[in-house]
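Notes follow once the structure below has been shown.
So that the names make sense, note that chain A is the first sequence line, chain B the second, and so on, each numbered from 1.
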Amino acid sequence: MNKSVIVVDDNVDTVGSISDFLSLRGIDILGCGKNGFEAVQLYEKHRPDVVLLDLAMPDYDGLYGLEHIKKINSQAKVIILTSLCNEYDEKKIKLFKVTEVLEKPCTSKQLEIFLKIVKIII
Amino acid sequence: MLLYLSQSMKLLKPLIKNNKLSSILIENSPDMMILLDEQGKIIDCNEYLEKNTKYKKSELIEFAEPINLIVDEDRTIIQSSFKELKITNIIQNVPVRVKRKEGDSFSSIWSGITLRDNNNHARGYLITGKDISNISNLDQKLILTKKRNRQEKLALLGEFSARIAHDIRNPLSIVLISLENLKILYGSDETKQKQLDRAERSIDRITHQIEDVLNFVKEKPLNLENVLLSELLSESLDSIKIPDKVKIKIPKNDILLFCDKKQFLIVMNNLILNGIQAMGNVGTIELFFTENNDEIILQIIDSGPGIPNNVLNEIFEPLFTTKQSGTGLGLVSVKSIVEAHGGTISVTTNPTTFTIKFLKIK
């Protein structure tokens, strides 16, 4: 059976490109969301192997999503995929035992590392 | 005082007919005034000079020559100006610093005229000086204000570029990932693949430039921990695309360094990338970790053509670059991170060797 993820980011193109990137490599995309609230709903519904979660999102941010997903399943694997992680976020993220924090890949090398990490975690 | 002055003003008599008037003028002048004889010795001065220099008139006359009132470094100016005065009969606005009795000094400008008698013989010199310390202080203040404005502007510019750089990362990431997707979907033959590779290399280049700017403008407090240099190096090499024809020689020994890991990765990445680019993607980069009783030393040597001597001193200057695609910020960030850790960085050429030294914490 294929491994599965949900992808949550407020930018529809980010969600689209990452979903395609993973599905072209044999990973099932069970759902896509645009804020922390949707992330929690999608997690509850699909129970994916991994959640890919952005941090800065309007209304309900990634920290909200992270906190509530961990309430549903403290062992849930969550990869924070962000372009900006300030110290406040870093401290909060550590509280929830997040699986990995990655910067959005912007070089081919970073993309390679991203895929490697996702595969290891799944 | 007036009487004393008027007596010595005998010298001026043939030149200034109204003795009393000249005395009043001199005593009430807002300028410092000195009267010199033919040899250039002080024979009189006004009260303002006494007040300003804190010397008594008798002391000033003992000084004999005005040059003794001038700070050492400005004495040649006065000597040459006096020579000029003898020839031209008038000099104006010579800037020098005058020493007070207490040892402090003030900025001033001086003018002088030669006093001649009816037979046109030089009989002495009248020298007048303006204390311009208020103006100089104002100048200093102006310079400080300008400096502060510049710093504020730079800080704002830093924040602004950080925001732009960050905002660009998001769409850039999308372009890159979509490009990778296109490769799988359509990059079936070599010609198509080549187009996509080219676009990908360009994105890599933009990203590296943005990272340079971000590293430069980001002010981050140090988050210190013990890190093995080998670990740092392997993490760095993992994040860099090493061209096929570049060989990296890794040290066999290992040293524990107390540093901010994230920031030190920037140092490693920049120096290795710098080496790769300097060698034109072909050659060997060798790293050495050494330590003695006092220091930890890290060296990175590349087999490139070396750095021309005339630019050697400039390579750590902001915005200096010899590369067409360089930002001129990479090595500046390296230097500031090393220095924030209390270390030093230096460079020598033939072969190009960057040496970073840290004092051991005892």
Side-chain angles (χ1 to χ4, degrees), chain A residues 5 7-27 29 32 34 52-58 61-62 79-91 93-94 100-120, chain B residues 159 162-187 196-215 218-223 234-243 260 262 265 269 272-273 276:
Chain A
V5 301
V7 183
V8 182
D9 194 299
D10 59 324
N11 187 319
V12 63
D13 288 332
T14 299
V15 170
S17 61
I18 290 178
S19 303
D20 288 350
F21 180 77
L22 295 174
S23 68
L24 281 167
R25 285 160 179 81
I27 296 167
I29 311 298
C32 297
K34 59 179 182 300
L52 283 174
L53 188 61
D54 183 24
L55 272 189
M57 293 181 285
D61 65 4
I79 299 176
I80 299 288
L81 196 59
T82 178
S83 53
L84 182 73
C85 193
N86 62 37
E87 266 171 78
Y88 169 76
D89 290 339
E90 251 173 67
K91 273 182 197 156
I93 288 169
K94 273 185 189 156
E100 191 73 47
V101 181
L102 291 175
E103 279 198 349
K104 282 183 184 157
C106 283
T107 64
S108 43
K109 188 79 197 186
Q110 286 169 359
L111 195 58
E112 201 180 287
I113 294 169
F114 167 71
L115 183 65
K116 211 192 274 177
I117 290 176
V118 171
K119 279 183 173 167
I120 290 170
Chain B
E159 213 176 292
R163 188 170 301 173
I164 291 185
H166 164 249
D167 287 350
I168 291 174
R169 283 187 66 100
N170 267 324
L172 206 57
S173 175
I174 296 166
V175 175
L176 177 75
I177 298 170
S178 300
L179 202 64
E180 286 296 322
N181 296 342
L182 282 175
K183 271 190 188 177
I184 291 190
L185 292 169
Y186 304 105
L196 298 168
D197 284 345
R198 195 175 292 146
E200 188 184 284
R201 276 198 301 276
S202 299
I203 293 172
D204 281 4
R205 206 164 115 178
I206 296 174
T207 304
H208 286 308
Q209 298 229 0
I210 290 173
E211 272 169 2
D212 269 3
V213 174
L214 272 177
N215 292 337
K218 238 188 317 197
E219 268 184 35
K220 273 194 135 187
L222 293 183
N223 185 8
S234 75
E235 209 163 306
S236 167
L237 292 176
D238 274 345
S239 68
I240 297 172
K241 203 170 191 175
I242 312 283
D260 183 310
K262 269 191 193 167
L265 271 174
N269 289 355
I272 294 172
L273 271 174
I276 293 174

Of B:D204, B:I240, B:I206, the one forming a side chain to side chain contact (heavy atoms under 4.5 Å, CB included) with A:T107 is B:D204
Paired with B:I174, the side chain to side chain contact (heavy atoms under 4.5 Å, CB included) test is passed by just one of A:D13, A:D9, A:V15, namely A:D13
Hey, is CZ on B:R163 packed in by over 12 heavy atoms from elsewhere, all under 6.0 Å?
no
Using 0.5 Å steps for rounding, measure from the [atom1] atom of [X] to the [atom2] atom of [Y].
X      : Y      : atom1 : atom2 : value
A:Q110 : B:L176 : CD    : CG    : 8.5 Å
B:N170 : A:T14  : CG    : OG1   : 5.5 Å
A:S17  : B:E180 : OG    : CD    : 11.0 Å

Honestly, the part of B:N223 sitting under 4.5 Å from a heavy atom of chain A is neither
Under 4.5 Å to a heavy atom of chain A? For B:I203 that would be both
Nearest heavy-atom approach of B:S173 to A:K104 is OG-CB, 3.8 Å
Residues B:D238 and A:K109: closest non-hydrogen pair is O-CE, 2.6 Å
With sequence neighbours left out, the residues meeting side chain to side chain contact (heavy atoms under 4.5 Å, CB included) with A:K34 are A:E38
The interface call for A:D20 against chain B, heavy-atom contacts under 4.5 Å, is both
B:E200 meets the salt bridge (charged side-chain N to carboxylate O under 4.0 Å, His left out) criterion, sequence neighbours left out, with B:K183, B:K241
Self-check item: Side-chain touch A:P105/B:I177, heavy atoms, less than 4.5 angstrom
Solution: yes
